[in-house]
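Report on the structure given below.
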Amino acid sequence: MTTLPVGTVTLLFTDIEGSTGLLERTGDKYSDLLAEHRRVLRAAFNRHGGVQIGTEGDSFFVAFASAVDALAAAHEGQEVLASGEVRVRMGMHTGEPQIHERNYVGMDVHRAARVAAAGHGGQVLLTEATRVLVGSEGVRDLGIHRLKDIGELRLYQSGDDDFPPLRSVGVGSLPSPATALVGSQAELAAVVSIVRDDATRLVTIVGPGGIGKTRLALEIGRELLGSFIDGVWFIDLGTVTDPEWFEASVAAAVGATDELVAQLRDRHSLLILDNFEQLAGAADRLAQLIESCAGIACIVTSREALHLRGEREFPLEPLTEDASIELFRQRARAVSPSFDANRELLARVSDRLDHLPLAIELAAARTRVLDASQLLERLDERLPLLTGGPRDAPECQRTLRSTIDWSHDHLDEPEKRLFARLGVFCG
């Protein structure tokens, strides 16, 4: 009976990708393919000192005393299988598993199994613990991934082949918008280019309330998902008013288990900091975070710029007439499927709403009870009319008045006095 490796052991799991589909495609040939796959892998494992712990269906669980031998066996098996119909994913992790009744038990076993399950046919994945032992040559950093029941692990791929994104739970906290972005395509492309191509690490999207800063920032995050291997994180600062809570708010959002800078220092992530006007006094803290963490980039939404070195201000303009009309039609038909109105009338409504996305969405919601002509007639009293935003929207986006109140509340006293004095002038 072969003795199990003890101490530091590299555990390798394999299984066939799409085995059910392969069975359906090959029929009676499947048993021969499965047997050949087992023969090839067993031969590779045996040649490199692997000890087979178990075989279940189309999978292997093998232990190696050497991480280098484990990787060599994995590559040999993949090379032989590459020309055939069977595609195998492999994952390995190095640790010190406990032995119980000629089997390994403990979290190291679960980690190795979860790593293999995250991969694709033909792919060989390693954890950081294994990568340290085999070196960095020919190894690609795939970033930090959250695996089911395991938590976050930095994973690596051995080899240069390209594969789809890993089947991990994912890293990041980017909400999925309920509706498609209407308009702002040029702005979207511009900010993505600034971050991706110009390598700018701080972009502040500036504009008044209701102009669509948050929605644009979310779309930018979606576009940049593939550019940040350690994820895109959305941090809503709308309820945080004390600058002293800035770091704690970011730490909570990214799931930091350590001091924030220590957690982010070695990560390549994008932080979307929404409603930063709430925390204007924390701008210096943000600057220190960016300076300390070279792999971090930030998209900030705010009603005013932060005035930091390296900041790229991106003023967001109201929608074009075409985009305003399209947004109104889409949102109106969401609440009243039979809604219809001619372009000229909708253009006049959009003009009265200053082409602001929030105002357009609130007005479109009133088409449950008003047609476009009636709506236009009542827009002289916009604040009482433009209410009834979605229940799951932030409080400051449910009515136009609350949006204005939100902005007014963030003025200091001299600014409020000036605003009141200028407010007596029409236009």
Looking at Arg331 and Glu361, is any side-chain nitrogen of the basic one under 4.0 Å from a carboxylate oxygen of the acidic one?
yes
Can you see whether Tyr156 has Arg131 sitting over its ring - NZ or CZ less than 6.0 Å from the centre and within 45° of the normal?
yes
Going through the distances and angles, do Thr204 and Glu311 end up as a side-chain hydrogen bond (donor to acceptor under 3.5 Å, both in side chains)?
CA-CA 7 Å; Thr204 304; Glu311 177 186 19; 2.6 Å; yes
Tell me, do Val182 and Gln330 make a side-chain contact under 4.5 Å, heavy atoms counted?
yes
Qualifying residue, where the test is side chain to side chain donor-acceptor pair (under 3.5 Å) with Arg154 and the options are Asp266, Thr127, Asp230
Asp230
Is there a donor-acceptor contact under 3.5 Å linking the side chains of Ser350 and His355?
no
Less than 3.5 Å apart, any donor N or O on the side chain of His37 or Asp58 sitting next to an acceptor on the other?
no
All side-chain hydrogen bond (donor to acceptor under 3.5 Å, both in side chains) counterparts of Arg38, not counting sequence neighbours
none
Compare every heavy atom of Glu187 with every heavy atom of Leu316, then report the nearest pair and how far apart it is.
CD1-CG, 3.9 Å
Do the side-chain N and O atoms of Arg368 and Ser336 include a donor-acceptor pair separated by under 3.5 angstrom?
no
Are any of the side-chain heavy atoms of Val192 and Val195 separated by less than 4.5 Å?
no
Check Arg343 with Glu326, please: is the shortest side-chain N to carboxylate O separation under 4.0 Å?
no
Fit a plane to each ring of Phe45 and Phe64, take the angle between them on a 0 to 90° scale, and name the class: parallel (under 30°), tilted (30 to 60°) or perpendicular (over 60°).
perpendicular
Pair Arg265, Ser292: side-chain N/O donor-acceptor within cut-off below 3.5 Å
no
Under 3.5 Å, is there a donor-acceptor pair between the Thr241 and Gln278 side chains?
no
Under the salt bridge (Lys or Arg N to Asp or Glu O under 4.0 Å) rule, what do Asp162 and Arg140 come out as? Steps first, then yes or no, please.
CA-CA 10 Å; Asp162 292 323; Arg140 181 191 302 180; 3.4 Å; yes
Salt-bridged, Arg348 to Glu344, with N to O below 4.0 Å?
no
Do Thr130 and His93 meet the criterion of a side-chain donor-acceptor pair at a distance under 3.5 Å?
no
Got Val9 and Glu96 here, is their nearest side-chain heavy-atom distance under 4.5 Å?
no
So, do Phe60 and Phe13 have ring centers that fall under 6.0 Å from each other?
no
If we check side-chain contact (heavy atoms from CB on, under 4.5 Å) with Leu126, which of these qualifies: Leu142, Leu155, Val139, Val132?
Val139
Arg312: what forms a side-chain hydrogen bond (donor to acceptor under 3.5 Å, both in side chains) with it, not counting sequence neighbours?
none
Establish, from distance only, whether the side-chain atoms of Thr94 and Thr10 form a donor-acceptor pair under 3.5 Å.
yes
So, does Thr200 use its side chain to make a donor-acceptor pair with the main chain of Leu202 at under 3.5 Å?
no
Does atom CD of Glu291 have more than 12 heavy-atom neighbours, drawn from other residues, nucleotides or ligands, at distances under 6.0 Å?
no
If the threshold is 4.0 Å, N to carboxylate O, is there a salt bridge linking Glu244 and Arg285?
yes
Rounding to 0.5 Å, atoms CG (Leu34) and NZ (Lys29) come to a distance of 13.5 Å
Assess whether atom CZ of Arg222 is packed by more than 12 heavy atoms of other residues, nucleotides or ligands within 6.0 Å.
no
